[in-house]
K.L.:
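Structure incoming, see below.
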4 protein chains.
Amino acid sequence: MKTVTSLRTESTIRKKQRKLFPPGRTKIAEALKLLLEEKEFNAITTAEIAKTACVTEALIYKYFKDKRDLLHQVLGEYLEFYISRAEMDLKGIKGSLNKLRKLMWSHINMYSTNRVFAKILLLEVRNYPDYFKSDAYESVKRYSKISLDVIQEGIDNGEIRNDLSPLSIRQIVLGGVEHLCLPGIIFNKEISPDELTEELCELIFHGIAARKDPPKSRPKKGVESGNN
Amino acid sequence: MKTVTSLRTESTIRKKQRKLFPPGRTKIAEALKLLLEEKEFNAITTAEIAKTACVTEALIYKYFKDKRDLLHQVLGEYLEFYISRAEMDLKGIKGSLNKLRKLMWSHINMYSTNRVFAKILLLEVRNYPDYFKSDAYESVKRYSKISLDVIQEGIDNGEIRNDLSPLSIRQIVLGGVEHLCLPGIIFNKEISPDELTEELCELIFHGIAARKDPPKSRPKKGVESGNN
Amino acid sequence: MKTVTSLRTESTIRKKQRKLFPPGRTKIAEALKLLLEEKEFNAITTAEIAKTACVTEALIYKYFKDKRDLLHQVLGEYLEFYISRAEMDLKGIKGSLNKLRKLMWSHINMYSTNRVFAKILLLEVRNYPDYFKSDAYESVKRYSKISLDVIQEGIDNGEIRNDLSPLSIRQIVLGGVEHLCLPGIIFNKEISPDELTEELCELIFHGIAARKDPPKSRPKKGVESGNN
Amino acid sequence: MKTVTSLRTESTIRKKQRKLFPPGRTKIAEALKLLLEEKEFNAITTAEIAKTACVTEALIYKYFKDKRDLLHQVLGEYLEFYISRAEMDLKGIKGSLNKLRKLMWSHINMYSTNRVFAKILLLEVRNYPDYFKSDAYESVKRYSKISLDVIQEGIDNGEIRNDLSPLSIRQIVLGGVEHLCLPGIIFNKEISPDELTEELCELIFHGIAARKDPPKSRPKKGVESGNN
DNA sequence: TATGAATGAGGTTTCATTCAT
DNA sequence: AATGAATGAAACCTCATTCAT
């Protein structure tokens with residue numbers, strides 16, 4: 001499942017950590033990431049984290065306020081990386097819809113290649129009030145701002161309808177991305193950024209209502225069942 | 001926050017329970033609902049539930065396998081109610097898009113009027129593998145099936161584009177609904193079913209691209225499977 | 001493992017119960033016996049007993065003072081049966097050593113054919129002070145008395161050495177029986193009454209020392225009391 | 001009841017523990033031993049153990065897998081000590097029967113001077129399947145092996161009859177020891193190693209039958225294995 | 001005779017967290 | 001920077017038992 005992209009991601013983050021952080025801290029953060037691949041955060045104990053990291057439990061509390069702070073910091077590091085990459089992604093792209101498409105692709109790709117990140121963001125933090133006071137949440141907001149700005153730019157330059165709230169558009173886009181990825185994340189199935197982006201953009205950009213001059217009929221292929 | 005609708009819901013469920021369930025069981029379920037209005041499930045203790053219900057903790061385990069089973073059963077009861085209502089909702093409506101709009105409105109309305117239900121479904125259960133083996137999850141699938149059938153019907157009768165996978169459409173629609181409601185649910189703000197439905201349908205039905213000419217037909221392929 | 005003997009045992013006891021005891025009581029006692037085939041007494045819950053017996057837990061307390069009383073009564077019923085059988089067994093046998101041999105065979109055979117009885121007596125009750133106040137314990141003492149009388153008779157008639165305390169002899173005999181059977185009982189292996197009796201009598205009657213000349217008479221003093 | 005021997009035992013064990021184990025662990029083990037003098041294991045709560053040891057209940061679970069593991073470890077420590085003592089005991093003794101007599105004396109003496117050990121071994125563990133997977137059970141087997149080897153040696157050198165299975169002999173000897181000691185252990189009465197050994201050896205070595213002529217040689221077959 | 005409903009009391013175990021070193 | 005030892009607090013859960021009917 002790990003692609004070149006994800007490996008690059010990992011190693012880049014690690015390089016930064018090597019400079020900024022003492023090795024103990026890094027080992028702890030890496031241990032949590034490893035464990036999150038297999039279990040839900042609440043089911044991971046500090047004892048397990050310490051053992052996996054080959055440090056003592058006490059050390060966790062040297063570097064992190066508490067267990068949840070560790071989670072938020074791990075999430076925050078990922079986010080900072082993805083924010084800077086999103087900013088790079090947009091460079092050299094013409095057209096707001098093209099930019100939006102690129103952002104959607106990157107977003108899906110990041111869920112696809114970094115399941116731990118996806119699980120933290122979509123399943124672990126939203127329940128807990130602390131999260132909304134964390135630095136990580138600030139990063140999330142900065143990240144979301146990027147799409148919002150692109151949408152606003154599209155409205156301003158006439159590429160996007162001006163009779164819809166940009167915020168609602170952003171929510172619907174994100175919702176679509178998340179719900180298309182969620183089954184893959186929960187049940188550990190492959191996620192195909194290319195296909196999902198294509199489908200999502202087709203719908204979001206043009207809607208589902210059949211056109212007066214209708215599209216040509218095509219065979220389609222669906223999912224088994226599902227829901228939620 | 002409770003509207004007439006939600007009250008009717010509650011009392012209908014209660015009537016059924018009075019017949020089917022011993023009073024202790026009902027008191028426990030109601031106690032959990034009450035507590036969920038204020039706290040996250042993991043932060044609620046069995047002691048609190050028992051105290052709120054004016055029963056002993058032991059009784060919880062007479063009626064429910066464990067604490068999480070209680071959550072799932074509460075969720076399941078809500079779902080059964082909403083499923084039957086969704087089926088009623090569709091009666092007498094002409095047009096698949098009109099039906100879809102109605103379903104979206106009802107869905108948003110149910111998040112709006114029953115925050116406890118919304119929190120359980122969107123924030124509490126998805127993390128935990130047990131959920132996916134629960135009866136509640138089966139109900140969720142039945143509920144989702146309703147929208148899927150409407151979408152399929154729309155494709156068959158030409159109201160909905162046939163070049164998008166119905167499953168993907170369903171996921172995107174649900175994703176849109178959820179993400180439009182999520183801020184309201186998390187931060188306990190008002191949710192306006194009328195406005196959100198309007199905005200969502202406008203976007204989903206017609207897309208965000210400023211119109212010049214109709215979209216060209218494109219090949220598509222849907223989400224792999226799963227759900228949630 | 002069940003032999004004709006054990007079946008007859010069971011059915012005889014059951015017939016008595018049918019007369020003496022209401023069906024609910026019998027069902028409960030039988031349920032416990034059934035469960036004891038698979039688990040240790042403390043690991044069996046009253047809920048399980050009730051479910052196995054197809055009665056409610058409350059009924060257990062109609063017929064038995066508490067859970068342990070149930071165990072003691074079950075044990076007591078077995079013991080009464082085995083006592084009367086031991087008395088029959090001795091009739092028509094000449095010679096104290098022959099009688100003793102017969103008792104040992106019956107004893108081993110009863111462990112061999114009734115594992116539940118064996119487990120209760122050897123593993124479940126001895127820990128718990130209540131047992132020593134129970135009727136079952138009185139029966140055990142009556143049962144033990146039978147061997148003691150035979151040993152005393154043997155001493156009196158010169159078949160058995162008179163320089164050993166009869167009580168100690170009884171303890172050593174019983175100890176030998178138990179320890180030969182214990183592995184079979186604990187690990188659920190076959191127990192062969194014929195072979196074990198043969199071996200045990202050979203040793204107990206004649207000793208293990210390779211013979212040169214007969215032992216000299218010695219003064220004795222035995223264990224204080226007790227049994228089991 | 002504590003003799004010089006038992007005190008030496010205790011302090012020797014304690015010395016070892018002081019080196020090998022953190023003080024908390026030792027305090028917990030000692031607390032259990034203390035409590036076992038007065039109550040049955042199941043009647044002792046972790047709360048009591050902790051309180052007696054002046055530590056928190058949580059610490060018990062740092063050092064022991066669970067409550068029963070604590071029991072097994074305590075038993076195991078005793079056993080290791082007694083094994084090494086049994087090995088010493090045999091040194092300098094000539095004759096297999098003399099060695100066997102010495103082992104029996106030591107065995108009875110250890111039940112006599114260490115009632116806690118006796119109760120654990122004879123009354124507490126045999127019921128519970130976990131025991132048979134514990135290290136303590138492995139120690140028991142090593143301990144039993146010592147007598148078995150002596151018996152075998154006696155057979156080989158002609159001191160002991162060769163027509164009885166050595167395993168059966170060992171079982172009968174152990175059974176005799178246990179049953180002679182059991183009343184004393186259960187009812188907290190004195191146990192006299194000298195007298196009991198004398199009586200037991202007299203019987204086991206020479207049998208109970210009044211002598212006329214030596215026994216004839218017979219074929220033998222023993223218990224399957226096991227012990228305890 | 002038998003049950004449905006409920007409970008009291010406490011049991012074991014878990015786990016995040018701290019502090020002296 | 002890191003650890004070994006220990007803890008506080010409660011969490012979940014179990015189970016024998018009772019009582020009104």
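Each chain gets a letter, A, B and so on, in the order its sequence line appears, and its residues count up from 1. Keep in mind that this is a model prediction, so the values were computed, not measured.
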K.L.:
Would you say the side-chain atoms of A:E40 pair up with the backbone N or O of B:N127, donor to acceptor, closer than 3.5 Å?
P.N.:
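No, A:E40 side chain to B:N127 backbone: no donor-acceptor pair under 3.5 Å.
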K.L.:
Holding to ring pair (Phe, Tyr, Trp, His ring centres under 6.0 Å), I want the full list of residues that pass it with A:Y61, two or more places apart in sequence or in another chain.
P.N.:
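With sequence neighbours excluded, A:Y61 shows a ring pair (Phe, Tyr, Trp, His ring centres under 6.0 Å) to no residue whatsoever.
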K.L.:
Does anyone know the first and last nucleotide of DNA chain E in reach of chain C, 5' to 3', at under 4.0 angstrom to a heavy atom?
P.N.:
E:dT1 to E:dG4
K.L.:
Is there a residue in residues 47-58 of chain B whose heavy atoms reach under 4.0 Å of DNA chain E, and which residues are they?
P.N.:
B:V55, B:T56, B:A58
K.L.:
Under 4.0 Å between any heavy atoms, over every strand shown, what does A:F64 touch: base, sugar-phosphate, or nothing? Just pick one.
P.N.:
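No contact.
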K.L.:
List the residues meeting side chain to side chain contact (heavy atoms under 4.5 Å, CB included) with D:E138, not counting sequence neighbours, and say none if there are none.
P.N.:
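D:E138: side chain to side chain contact (heavy atoms under 4.5 Å, CB included) contacts with D:K141.
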K.L.:
Nearest-nucleotide wise, let me know which of B:K67 and A:G24 is further upstream toward the 5' end of DNA chain F.
P.N.:
A:G24
K.L.:
Using atom types as modelled, flag every donor-acceptor pair under 3.5 Å from a side chain in residues 52-59 of chain C to any protein atom, sequence neighbours excluded.
P.N.:
| residue | atom | partner | partner atom | Å |
| --- | --- | --- | --- | --- |
| C:T52 | OG1 | C:E48 | O | 2.7 |
| C:E57 | OE1 | C:T46 | OG1 | 2.9 |

K.L.:
Which residue lies toward the 5' end of DNA chain F, C:D66 or D:K62, if each is placed at its nearest nucleotide?
P.N.:
D:K62
K.L.:
Could you summarise the pairing of DNA chain F as dot-bracket text, marking Watson-Crick and G-U pairs under 3.5 Å with ( ) or [ ] inside the strand and | across strands?
P.N.:
.||||||||||||||||||||
K.L.:
I'd like to check the ring pair (Phe, Tyr, Trp, His ring centres under 6.0 Å) partners of D:F64; sequence neighbours left out, ordered by chain and number.
P.N.:
none
K.L.:
With B:D135, which residues qualify under side chain to side chain contact (heavy atoms under 4.5 Å, CB included), at least two apart?
P.N.:
none
K.L.:
Sequence neighbours excluded, which residues qualify as ring pair (Phe, Tyr, Trp, His ring centres under 6.0 Å) partners of D:F117?
P.N.:
D:Y78, D:Y82
K.L.:
Which residues pass the side chain to side chain donor-acceptor pair (under 3.5 Å) test with A:S134, sequence neighbours left out?
P.N.:
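Expected list: none.
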K.L.:
Assign D:I44 to base, sugar-phosphate, or nothing according to its heavy-atom contacts below 4.0 angstrom with the strands shown.
P.N.:
sugar-phosphate
K.L.:
Under the rule for side chain to side chain donor-acceptor pair (under 3.5 Å), what residues qualify as partners of D:Q73, not counting sequence neighbours?
P.N.:
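Side chain to side chain donor-acceptor pair (under 3.5 Å) check on D:Q73 returns D:R25, D:D69.
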K.L.:
Is the NZ or CZ atom of C:K119 both under 6.0 Å from the centre of the six-membered ring of C:F41 and within 45° of that ring's axis?
P.N.:
no
K.L.:
With sequence neighbours left out, write down each residue that passes ring pair (Phe, Tyr, Trp, His ring centres under 6.0 Å) with A:Y137, or none if nothing qualifies.
P.N.:
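Listed in chain order: A:Y131, A:F132.
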K.L.:
For B:T46, report the nucleic acid contact type (base, sugar-phosphate, nothing); a contact means any heavy atom under 4.0 Å.
P.N.:
base
